[in-house]
Amino acid sequence: GSLGPRCAARNELENFVTPERLRHVLIYAPETGLFYWLQDCGTARAGDVAGCLSPEGYVLIGLDGRLYRAHRLAWLYVHGRWPDDDIDHANRERADNRLCNLREATRSQNNGNSGLRDNNTSGIKGVSFNTRRQQWQAYITENGKMRHLGWFPTKELAADARSAAAIAQWGEFARAA
């Protein structure tokens with residue numbers, strides 16, 4: 001089955017449900033990333049797919065009066081503990097909660113795997129054109145602060161500098177676009 005309608009945004013309160021409680025009411029299929037109800041719950045029937053899509057594209061599951069992000073519940077279900085930090089979707093698809101797509105990450109690593117910002121005009125993360133200097137600038141964010149990587153005559157050279165810095169900083173979490 002498919003997910004229900006889009007959920008209204010709500011504050012997420014987590015770390016309340018235990019792995020035991022979670023496994024008592026839901027079953028997680030790591031190959032598909034879907035959760036299924038083990039028993040009737042409100043309007044949901046046993047066997048139904050649990051969850052709905054948030055406006056941000058995450059799957060949310062309501063349990064015991066609280067709302068949880070499904071990727072964090074998947075981690076709890078499989079590992080028996082809440083993640084220490086963020087859970088990153090390796091392919092950047094927020095609703096793809098297959099276990100092979102989920103990995104623990106620091107906030108910095110998770111940001112390293114983020115896509116282009118809406119205001120990006122170069123098509124490359126951390127690269128912009130400075131009209132005053134008539135050069136391309138490369139930059140990277142470290143601990144919430146922008147670090148200048150240099151000025152370059154071409155977009156490609158700026159992209160190379162940004163890519164090298166991203167790999168050095170985030171390793172497998174680095175993403176250029």
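The minimum heavy-atom distance between A165 and L149, with the atom names listed, is CB-CD1, 3.7 Å. Here the closest heavy-atom approach between residue L63 and residue Y68 is recorded as O-CE1, 3.6 Å. Contact record, L102 with A74: CD1-CB, 3.8 Å, taken as the closest heavy-atom pair. Taking both residues in full, the closest heavy atoms of L99 and Y28 are given as N-OH, 3.1 Å, listed atom of the first, atom of the second, then distance. Nearest approach of A95 to L53, heavy atoms of both residues: CB-CD2, 3.9 Å. The nearest pair of heavy atoms linking D85 to R72 is O-NH1, 2.9 Å.
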Q: Kindly determine whether L38 and I27 satisfy side chain to side chain contact (heavy atoms under 4.5 Å, CB included), including the steps that lead there.
A: CA-CA 7 Å; L38 289 173; I27 188 166; 4.0 Å; yes
Q: Let me see the working for R69 and V59 under side chain to side chain contact (heavy atoms under 4.5 Å, CB included), right down to the final yes or no.
A: CA-CA 6 Å; R69 289 185 177 180; V59 177; over 6 Å; no
Q: Verify side chain to side chain contact (heavy atoms under 4.5 Å, CB included) between K155 and V127, making sure each step is shown before the conclusion.
A: CA-CA 7 Å; K155 180 165 66 169; V127 173; 4.2 Å; yes
Q: Applying side chain to side chain contact (heavy atoms under 4.5 Å, CB included), run through I87 and E104 and close with a yes or a no.
A: CA-CA 5 Å; I87 295 296; E104 256 189 307; 3.9 Å; yes
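The backbone N or O of M146 sits nowhere less than 3.5 Å from a side-chain atom of T141 that would complete a donor-acceptor pair. Formation of a donor-acceptor pair under 3.5 Å by the N101 side chain with backbone atoms of A90 is found in this model. Formation of a donor-acceptor pair under 3.5 Å by the R94 side chain with backbone atoms of E56 is found in this model. Judged purely by atom type and a 3.5 angstrom limit, D88 has no side-chain atom pairing as donor or acceptor with the backbone of R103.
Side chains of N97 and H89: a donor-acceptor N/O pair is present below 3.5 angstrom, by distance only.
Salt-bridge check for D96 with R98: passed, with a basic side-chain N closer than 4.0 Å to an acidic carboxylate O.
A distance of 11.5 Å separates OG in S128 from CZ in R162, rounded to the nearest 0.5 Å. Of the inter-residue distances, the one linking C41 atom SG with L26 atom CG reads 8.0 Å to the nearest 0.5 angstrom. Note: L60 CG to L67 CG = 4.5 Å, rounded to the nearest 0.5 Å. One finds the OG1 atom of T18 at 7.5 Å from the CG atom of L76 (value rounded to the nearest 0.5 Å).
Separation of the W82 and H79 ring centroids does not fall under the 6.0 Å cut-off. Between W136 and F129, the distance separating the two ring centers is shorter than 6.0 angstrom.
Geometrically, R23 engages Y77 in a cation-pi contact defined by less than 6.0 Å to the ring centre and at most 45° from the axis. Both tests do not hold together for R45 against W37: distance to the six-membered ring centre under 6.0 Å, angle to the ring axis within 45°.
Both Y36 and W75 sit in one connected hydrophobic cluster of ILVMFWY residues. Membership requires side-chain heavy atoms under 4.5 Å apart, directly or through other members. Connection of W151 to I140 is not established within any shared hydrophobic cluster, with ILVMFWY side chains joined at heavy-atom distances below 4.5 Å, either directly or through further cluster members.
Proximity of Q135 to N130: side-chain heavy atoms (C-beta onward) are nowhere separated by under 4.5 Å. Taking 4.5 Å as the limit, every side-chain heavy atom of V17 sits out of range of all side-chain heavy atoms of R66.
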